[in-house]
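We name chains A, B, ... by the order of the sequence lines, and we start the count at 1 in each one.
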Amino acid sequence: MNLTVKIGKMVMKNPVTTASGTFGYGQEYAEFVDLNCLGAVTVKGISREPRQGNTPPRIFETPCGMLNSIGLQNVGLEAFLKEKLPYLRGFDTNVIVNILGGTIKEYIELAEALDGRVDAIELNVSCPNVKKGGILFSSDEAIFRELIREVRKNVVNSTLIVKLSPSASSILSQARICEEEGADAISMINTIPAMAIDIESRRPRLSNIIGGLSGPAIRPIGVRMVWEVHKTVRIPIIGMGGIMTAGDALEYILAGATAVAIGTANFVDPTTTMKVLKGIEDYMRNHEIEDFSSLIGGLIWDREGR
Amino acid sequence: MNLTVKIGKMVMKNPVTTASGTFGYGQEYAEFVDLNCLGAVTVKGISREPRQGNTPPRIFETPCGMLNSIGLQNVGLEAFLKEKLPYLRGFDTNVIVNILGGTIKEYIELAEALDGRVDAIELNVSCPNVKKGGILFSSDEAIFRELIREVRKNVVNSTLIVKLSPSASSILSQARICEEEGADAISMINTIPAMAIDIESRRPRLSNIIGGLSGPAIRPIGVRMVWEVHKTVRIPIIGMGGIMTAGDALEYILAGATAVAIGTANFVDPTTTMKVLKGIEDYMRNHEIEDFSSLIGGLIWDREGR
Amino acid sequence: MSRLNRAEVLNNIPLTDREFILRLKLPPGSLSPMPGQFYLLRATNTFDPLLRRPFSAFRWSDEWVDFLISEKGKGTLVLKSLRPGDEIDLLGPAGNYFPPPSGDMKLLVVAGGIGIASVFSILREYNGDSVLFYGARSSDALLIRKDIEDFSGEVVLCTDDGSIGFKGSVVERLRLYINERTPEKAIVYACGPEAMITALKTYMKETGLRGYISLEERMACGVGACMGCVKNTSEGMKRVCIEGPVFPVEVL
Amino acid sequence: MSRLNRAEVLNNIPLTDREFILRLKLPPGSLSPMPGQFYLLRATNTFDPLLRRPFSAFRWSDEWVDFLISEKGKGTLVLKSLRPGDEIDLLGPAGNYFPPPSGDMKLLVVAGGIGIASVFSILREYNGDSVLFYGARSSDALLIRKDIEDFSGEVVLCTDDGSIGFKGSVVERLRLYINERTPEKAIVYACGPEAMITALKTYMKETGLRGYISLEERMACGVGACMGCVKNTSEGMKRVCIEGPVFPVEVL
Ligand SMILES: Cc1cc2nc3c(=O)[nH]c(=O)nc-3n(C[C@H](O)[C@H](O)[C@H](O)COP(=O)(O)OP(=O)(O)OC[C@H]3O[C@@H](n4cnc5c(N)ncnc54)[C@H](O)[C@@H]3O)c2cc1C
Ligand SMILES: Cc1cc2nc3c(=O)[nH]c(=O)nc-3n(C[C@H](O)[C@H](O)[C@H](O)COP(=O)(O)OP(=O)(O)OC[C@H]3O[C@@H](n4cnc5c(N)ncnc54)[C@H](O)[C@@H]3O)c2cc1C
Ligand SMILES: Cc1cc2nc3c(=O)[nH]c(=O)nc-3n(C[C@H](O)[C@H](O)[C@H](O)COP(=O)(O)O)c2cc1C
Ligand SMILES: Cc1cc2nc3c(=O)[nH]c(=O)nc-3n(C[C@H](O)[C@H](O)[C@H](O)COP(=O)(O)O)c2cc1C
Ligand code: FES
Ligand code: FES
């Protein structure tokens with residue numbers, strides 16, 4: 001049975017990775033998961049400088065989902081390279097580093113510093129552009145394109161992944177821009193902006209008011225978006241959003257994902273990644289599938305309906 | 001205690017209505033709910049001609065939500081006026097009629113035929129425009145504007161509500177267009193395009209492949225959108241999306257909704273509308289609130305956080 | 001009497017690893033179901049599972065109703081874990097029913113798998129000379145064997161693997177039966193998996209055999225409002241929850 | 001020994017309408033908790049509720065651990081309905097703990113409401129001359145009265161309505177106590193609702209009284225990965241699930 005997949009230059013021994021921000025820097029879950037068994041570890045978003053993140057409360061549970069407004073608290077580039085990366089390098093797995101910046105320059109500096117030292121760089125574009133008055137990089141197509149183009153120039157040895165936000169005005173044209181600007185892959189979906197209110201205090205449940213919705217609630221939205229993007233571009237997709245089981249992962253894969261990332265599910269069951277991997281193997285065995293890649297985009301459909 | 005709200009010309013004795021497509025033509029629920037107690041009954045989307053809708057299967061349950069691709073099966077305008085409306089007119093409640101067409105002309109004809117005979121007309125803009133090659137009315141702002149402008153000319157005696165789709169490229173600019181073109185109110189949110197796959201057959205769960213996601217899963221998204229739109233326009237909002245309890249309804253109200261619509265919850269518990277109404281009354285009593293309207297948009301927040 | 005009630009679990013008896021019989025107490029004065037009618041059950045306060053699930057009335061008295069249920073997914077798993085004293089939401093009886101036979105008809109009751117839950121009550125509730133054709137994968141998937149032994153009429157068991165009774169499908173066996181006996185006034189009442197229904201429909205249309213088939217479709221409202229549960233029939237889209245679940249074979 | 005286990009419910013005893021004591025069987029060879037540590041519990045297969053919920057180890061032996069739980073919402077409702085023989089997911093022990101006192105310290109254990117669950121074990125596990133200050137709304141909200149009677153040290157009860165003990169908050173009462181006795185080497189161990197914590201913090205900072213407070217914050221992962229459960233301290237953002245739940249009063 002061959003589970004190997006390729007995302008740009010990065011060869012993954014299996015299609016299972018973690019979603020940025022839900023698996024810490026790997027170490028936090030090493031007690032529950034043999035990191036050697038993962039196709040890749042994707043770490044919490046890294047910024048140039050360390051960040052404190054938003055004021056608590058930062059999380060709130062909603063039906064079959066959760067809101068978070070962590071505000072990208074992280075140790076910063078330097079500490080990551082010194083303290084976190086060496087640990088991960090001790091395992092036989094790929095390291096994907098999610099990066100974020102407030103300016104294109106910050107992104108470039110991060111990309112330069114990481115290029116060649118990590119297997120892949122994942123661009124988190126759901127950040128406010130401080131130079132452009134705080135609008136999101138993902139909400140203006142011209143800036144979005146410029147960001148990818150500039151970062152691409154600086155990512156020569158690592159694989160470049162762009163993480164798309166489901167709240168982008170058009171996820172399809174963003175996917176096309178990624179392909180045109182030479183990104184190696186797309187990862188999707190990021191959380192969906194959402195909100196909850198404490199009716200007793202009349203205040204938002206999160207101090208940031210709006211947070212990102214993740215978890216099984218959003219899975220059907222993620223699967224639909226992956227399917228649409230898969231029909232639109234040829235670069236590989238890392239699918240995520242509410243994957244709790246191998247069956248959920250296979251939905252993403254049949255819709256067109258080459259690899260899958262486990263996010264919120266790590267919180268619910270820290271061993272989810274391993275269960276998903278085993279479940280995919282079982283499915284392939286039961287269906288007598290030798291090569292994992294034959295499943296990618298394997299949805300059977302026709303325009304008349306099913 | 002005063003629960004009266006005004007949506008355009010329509011005075012509702014309380015802020016609770018039903019979401020189009022989830023309450024049939026009212027009659028189906030009369031066994032469980034005293035329709036006289038509702039602020040309004042919103043009926044299934046009506047088209048000029050009767051429609052058969054999509055091939056089954058049309059529904060599928062997802063975590064805390066459901067997909068539907070009913071495809072707007074309905075009895076058509078004539079049968080609605082002859083068979084369904086007289087029944088509803090027997091109750092002391094408002095009737096809101098959700099309409100849909102494949103061309104602007106169809107919308108206008110529907111609006112003309114219903115104007116003055118029903119209390120409000122709700123424009124469902126999530127329909128494909130057959131003249132423009134099937135693109136959605138909601139996905140092109142120029143057509144969206146034209147649609148509202150033309151329908152507005154023909155809705156003189158009834159209240160005109162425009163129902164926004166959460167998958168619109170920008171819900172805020174659509175809301176602004178509604179206000180500019182003189183719509184009396186906005187209702188939101190419609191279902192979110194989504195998809196599920198049967199991994200055994202490798203086929204979509206719905207014969208239409210993509211369906212609309214509704215239910216508690218989407219509530220935090222709906223509340224966020226209502227809050228954003230409430231900050232943007234001054235016309236009233238009918239809030240909906242995953243309201244299961246009075247607490248959920250109050251979240252929408254504090255976020256800025258003047259009235260609320262119960263959708264998928266009717267399927268889960270046919271008496272939800274009455275429970276929501278009673279729960280709002282209890283909340284007002286407990287918090288010594290005399291006038292319902294003082295709750296609308298009553299979220300306490302500041303830019304620094306909560 | 002409202003069709004919407006809270007009902008107490010009286011007992012919940014496992015038959016196999018997956019199948020069980022759930023007995024609910026009916027509120028005093030409840031409507032009794034007719035053969036083929038169903039109820040919509042909801043057993044949790046959470047929203048996962050979200051929607052009510054439909055189950056045929058398998059057996060009933062004035063005081064209780066039994067459901068014969070096969071575990072498929074989340075909804076049925078919750079039902080399986082209910083214990084006496086638990087309370088659940090019950091909506092029903094819902095849908096139409098198998099029309100009672102007229103006069104001296106021969107009742108050919110055809111059940112595949114868990115479909116037995118929908119048609120079994122016909123044997124008790126409707127008078128007439130009845131034959132039960134009941135098929136399953138293998139002998140241990142044939143449920144309620146004791147009740148079947150107690151039934152005084154003719155019983156024809158079929159299994160795919162031949163571990164008991166006829167080796168093959170109930171529809172094949174029905175064909176043999178009809179070919180042998182050519183009953184004059186026969187009427188079919190059937191429920192079962194899709195493959196069985198398809199074969200049965202074809203056979204009945206070929207031979208002009210008349211009767212009724214109970215269909216399944218996913219449901220949201222169960223009261224005719226959502227248009228979710230439709231089947232395409234020769235008379236247009238029909239809601240399984242209102243115009244069904246029982247359809248005359250002619251329209252299918 | 002993994003910190004992630006399936007655990008059997010041994011019993012589940014209601015104390016009031018809302019409060020109950022849930023006893024889980026610990027897998028053989030499990031780590032024992034320390035006072036102030038907690039476990040993350042998850043009792044369903046569905047995704048509503050979704051996340052594990054944190055609860056302090058209230059009492060334990062080598063074989064079992066007791067949780068003293070107050071019903072708040074969906075998660076605790078599920079836990080309340082567990083019955084002996086049920087199995088649930090258990091992750092822990094988690095977090096840091098109340099540092100044991102050194103030498104001849106006077107232990108001032110301060111609990112408000114359900115906060116008793118977190119600090120009660122100190123009375124048993126740590127040696128020293130202990131006083132328990134335990135406050136609640138009214139006498140019937142004071143839990144585990146029998147256990148408290150059995151405790152050989154000094155107990156000071158407080159109620160908001162004066163229905164038993166001191167009328168007023170535990171922090172007021174603590175102040176009176178300290179003013180009267182001015183214990184030389186005292187250390188506070190506290191857990192309770194936000195208002196109590198705020199008052200206590202202010203008082204301790206004013207007087208230089210030293211000690212530790214256990215804090216609550218909503219948690220997602222419980223293992224330090226999500227950065228969801230942080231509190232802003234004088235040493236920066238600290239994760240309650242890893243660097244907490246117990247913090248020295250100086251950093252708060
Ligand atoms: C009118 C009517 C009467 C019914 N009577 C009975 C009855 O008496 N006893 C009984 O056991 N069931 C009966 N059913 C079927 C029953 O409603 C479903 O099996 C149940 O709703 C499944 O719910 P779930 O949450 O366990 O499964 P889900 O989580 O919804 O589905 C789990 C998996 O099982 C598959 N599945 C779901 N439903 C079916 C089905 N009907 N057939 C085959 N695969 C399915 C799904 O595709 C999915 O892969 C009836 C259905 C209808 C419409
Ligand atoms: C380290 C730690 C130890 C804890 N130990 C215990 C313990 O031993 N016993 C115990 O009963 N609880 C304890 N808690 C609190 C417990 O975790 C929560 O009460 C529980 O998670 C609520 O879950 P729920 O699903 O029932 O409520 P939810 O559905 O999440 O919330 C329901 C309502 O209750 C409110 N609420 C939720 N949590 C709290 C809270 N902590 N205080 C006040 N209101 C709240 C919410 O704002 C909401 O309005 C502890 C918490 C932490 C962080
Ligand atoms: C607590 C939390 C923190 C996250 N942090 C990041 C982040 O730093 N960078 C990023 O690109 N995505 C971040 N995400 C988004 C996830 O990587 C993922 O895209 C999203 O949660 C959807 O997947 P899920 O539903 O499986 O969690 C975060 C999500 C959560 C829940
Ligand atoms: C089965 C079903 C049918 C629907 N039909 C319509 C419709 O005809 N017209 C319309 O504008 N919205 C329709 N909707 C959308 C609802 O009115 C509502 O906007 C949406 O379901 C969100 O609310 P909810 O989560 O409370 O269901 C339908 C929704 C469902 C579930
Ligand atoms: S289930 Fe809604 S119409 Fe039948
Ligand atoms: S709960 Fe995730 S870091 Fe503490």
Atom pairs and distances, side-chain donor-acceptor, residues 33-40 of chain C, under 3.5 Å, sequence neighbours left out:
unit_1	atom_1	unit_2	atom_2	d
C/Gln37	OE1	C/Met34	N	2.9
C/Gln37	NE2	C/Gly95	O	2.8

Do other residues, nucleotides or ligands put more than 12 heavy atoms under 6.0 Å from [X] [atom1]?
X        : atom1 : value
C/Lys201 : NZ    : yes
C/Glu250 : CD    : yes
C/Glu194 : CD    : no
B/Asn286 : CG    : yes
C/Arg137 : CZ    : no
C/Phe67  : CZ    : yes

Among residues 63-71 of chain B, residues within the sub-4.5 Å heavy-atom range of chain C, in order of number, are B/Pro63, B/Cys64, B/Gly65, B/Met66, B/Ile70
Rounded to the nearest 0.5 angstrom, the OG1-CG distance for B/Thr62 and C/Leu50 is 8.0 Å
Among B/Lys44, B/Gln27, B/Gln73, the residue with the most heavy-atom pairs under 4.5 Å to chain C is B/Gln73
Expected contact set for residues 210-238 of chain C against chain B at heavy-atom separation under 4.5 Å reads C/Glu217, C/Arg218, C/Met219, C/Ala220, C/Cys221, C/Val223, C/Gly224, C/Ala225, C/Cys226, C/Met227, C/Gly228, C/Val230, C/Lys231, C/Asn232, C/Gly236, C/Met237
Under 4.5 Å to a heavy atom of chain C? For B/Asn54 that would be backbone
Residue pairs passing the ring-ring contact (aromatic ring centres under 6.0 Å, His included) test with at least one member in residues 26-76 of chain B, sequence neighbours excluded, are B/Phe23-B/Tyr29
